[in-house]
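A quick write-up on the structure given underneath.
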Amino acid sequence: MPGITYWIGQYLLASCPMFAILVGVDMAQGASFNDAWPSALAWALAASAIFIGSRYNRVRKGIACSACNEPPKK
């Protein structure tokens, strides 16, 4: 099973782009950056925690992920 640094990296890899997308959406709707970033950060961190937590749980239990498997070689 991957170590803690792997999971921290995965968490950052999920939360940073999500934060940028959420801030962009808020700003496209007319909010300023100062108004948009706190809620976008909170939602990005919470959603990433759920996503990475479910991935960690699958790996810990050994549940196969069909999307993660490599396609069969011909």
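The basis for the numbers below is simple: all heavy atoms, side chains too, and nothing from hydrogens, waters or symmetry mates. Residue numbers count from 1 along this sequence.
Under the 4.5 Å side-chain contact rule for hydrophobic residues, F33 and W43 do not share a cluster. In terms of hydrophobic clustering, with Ile, Leu, Val, Met, Phe, Trp and Tyr side chains grouped at heavy-atom distances under 4.5 Å, M27 and L22 are assigned to different clusters. In the hydrophobic clustering of ILVMFWY residues, with side-chain heavy atoms under 4.5 Å counting as a link, Y56 and Y6 come out together.
Nearest heavy-atom pair across S39 and A36 is OG-O, 3.4 Å. Closest non-hydrogen pair, P17 versus L12, comes out as CD-O, 4.1 Å. Contact detail for S48 and S15: the closest heavy-atom pair is OG-CA, 3.1 Å.
Under the 3.5 Å distance criterion, the side-chain polar atoms of Y11 are left unmatched by any main-chain donor or acceptor of F51.
Environment of CH2 in W7: crowded, with over 12 heavy atoms of neighbouring residues, nucleotides or ligands closer than 6.0 Å.
Interatomic distance, CZ of R55 versus CD1 of I50, reported as 15.0 Å (0.5 Å rounding). For the atom pair C16 SG and L45 CG, the distance stands at 9.0 Å (nearest 0.5 Å).
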